[in-house]
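Below is one structure, written out as structure tokens; the observations come after it.
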Amino acid sequence: MIEQVKGTRNIANDDSAKFLHVKNTFINKFSDYGYKYIQTPLLEYKELFDKSIGESSEIVTKQMYELKDKGGRDLVLRPEGTSSVVRYHAEFNKDNTSKYSYFGSMFRYENPQKNRYREFNQAGAEIVGLIDIYSDFQIINDSLNFINNLLPGTTLKINTIGSIEDREAYVKVLYEYFSKNKEKLSNESLEKIENNTLRILDSNNSEDREIISNAPTINEYINTHSKENFESLLRLLDNSQINYEIDFSLVRGLDYYNDLTFEFHTEESVVVGGGGRYDNLAKILSIGDFNGVGVAFGVERIMNLLSEIKISSKYYLLGTNIDNLTKYSKILDENNINYNKPSRVSKENAQFKEAKKLNAEYLINADEDTIKNLITNETEAFDIEVILEH
RNA sequence: GUGAUCGUAGCUCAGUUCGGUUAGAGCGCCUGGUUGUGGUCCAGGAGGUCGCGGGUUCGAAUCCCGUCGGUCACCCCA
């Protein structure tokens, strides 16, 4: 038996309807809001993510699917979507400001568990170009409208992490603080002191809790401009009656963020999406000097929280005579009626069972020239005019 | 990368402790009949490299080692 590749998923059976529901809702909503759907390649140069996500991030150091193609190029299966959108924008749309939405597979090599797979789908939106606080606001506002349509009760957590320079200064202070308190830190956190100091802050380890709670907060190191922006954004949210929770420990996994970071938490405390501002990403990639703000949702995380979606076919065409079946198919097709039918000419009882299983409303019997309402159990002579009126 | 746990029919599982005829059940599927109060019922049937590889043994679904995969947690993250 050849089994599936570890961490990949087959979207089939009950998942199919959920997947399509999430995808259609996302694309329709964001397209109504004016975001242009974009599909970028699954393959990108490794360099794109080395530079954008940052060499200190685990995504780059451990989790990328890397491959060399036959021309010797260093490629990766994309681990996230923002970098590709920004690459596209710089190449084909540089001087404009655009809203983009995307939907598709991302790849990260890590051990699978609930809500985390090696190939997973992200639904994302970006505003790239010349942007301001209103751009930040609408990414959050549009995201909340989308996610609360699927998962009511999902809430916003928000933070500002200041400029990249602020963060560098803060990391230095934090490094000194943790170095002085090394003996109180857990082994896991000790490993992070040199390369990933910031991440010690969101350790769940009980040993670390006290030392973290007394650590200097980033708040003191954030420049006044960033602070003012954050406060105006919070005012915009207040005015729109959007609830939020400020969480100073909210840092994102990707290095390119500055100022705004946010996450969406469901009632079950699952983080189904997150995003932030990335004003320096184009500069980091040396492809331009424009800004951006974006969001990404974990499609499987949303799917795992949806209750079962039942799909039904309104009409089911039944028959044990192939000529009768094809005759009725022609009539129905010509009148643009969607209907289901048996995969082959099987026994009548089996066809009837299938029609019931698929929650069909009407059963067209090609052998008897009748149509039966399966809810009221009334049978009458088949008449295409009656169907067209349904 | 680390740890726990599982893998027997399409699905859910029994059998594994303590090795022993031909590996079972329910559901689903197929055929014939029955049924128009049509999902029922009756009869028959198909379907299994016991995840894979190696080892121990007269003999392995069962014991040992390895490996692949599922689930969950840590790390990390959407």
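Below, chains carry the letters A, B, ... as their sequence lines are ordered, and counting in each starts from 1.
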Using the P atom as the reference point in each nucleotide, state the distance between B:C27 and B:G55 in Å, no decimals.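 The same atom, P, in both gives a distance of 41 Å.
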Between A:Arg344 and B:U31, is there a side-chain N or O to OP1/OP2 distance below 4.0 Å? yes
Stretch residues 296-319 of chain A: residues that reach within less than 4.0 Å of RNA chain B through a heavy atom: A:Gly298, A:Arg301
Report yes if some heavy atom in the side chain of A:Ser98 is under 4.5 Å from a heavy atom in the side chain of A:Ile127; otherwise report no.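 Not in contact.
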Electrostatic pair [X]-[Y], nearest N-O below 4.0 angstrom:
X: A:Arg9; Y: A:Glu119; result: no
X: A:Arg116; Y: A:Glu110; result: yes
X: A:Glu231; Y: A:Lys227; result: no

Give a yes-or-no answer on whether the side chains of A:Asn258 and A:Asp279 include a donor-acceptor pair shorter than 3.5 Å.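 Yes, because at least one side-chain N or O of A:Asn258 sits under 3.5 Å from a partner of the opposite role on A:Asp279.
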Which atoms of nucleotides 66-68 of chain B (N or O only) lie under 3.5 Å from a protein N or O atom, and what are those distances?
from  : atom 1 : to     : atom 2 : distance (Å)
B:C68 : O2'    : A:Glu3 : OE1    : 3.3
B:C68 : O2     : A:Glu3 : OE1    : 3.3

Starting from C1' on B:G38, measure out to CG on A:Asn365 and report it in whole angstrom.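 Those two atoms, CG and C1', are 10 Å apart.
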Are A:Phe352 and the base of B:G39 stacked, counting only ring centres nearer than 5.5 Å and planes tilted under 30°? no
Any N or O donor-acceptor pair under 3.5 Å from the base of [N] to the side chain of [X]?
X: A:Glu368; N: B:G36; answer: yes
X: A:Glu110; N: B:A73; answer: no
X: A:Lys372; N: B:G38; answer: yes
X: A:Arg116; N: B:C75; answer: yes
X: A:Asn111; N: B:U2; answer: yes

Please tell me which of A:Lys353 and A:Val271 maps to the more 5' nucleotide of RNA chain B, matching each residue to the nucleotide holding its nearest heavy atom. A:Lys353
Applying side-chain hydrogen bond (donor to acceptor under 3.5 Å, both in side chains), name anything that partners A:Glu165, two or more places apart in sequence or on another chain.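 So A:Glu165 forms a side-chain hydrogen bond (donor to acceptor under 3.5 Å, both in side chains) with A:Ser163.
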Does the pair A:Lys46 and A:Met64 meet the rule for a side chain to side chain contact (heavy atoms under 4.5 Å, CB included), with working shown? CA-CA 9 Å; A:Lys46 181 173 185 291; A:Met64 287 207 287; 4.2 Å; yes
Sub-6.0 Å ring centroid separation between A:Tyr362 and A:Tyr315: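 Centroid separation for A:Tyr362 and A:Tyr315: below 6.0 Å.
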Between OH of A:Tyr65 and CG of A:Leu75, what distance do you get to the nearest 0.5 Å?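 So the OH of A:Tyr65 and the CG of A:Leu75 are separated by 16.0 Å.
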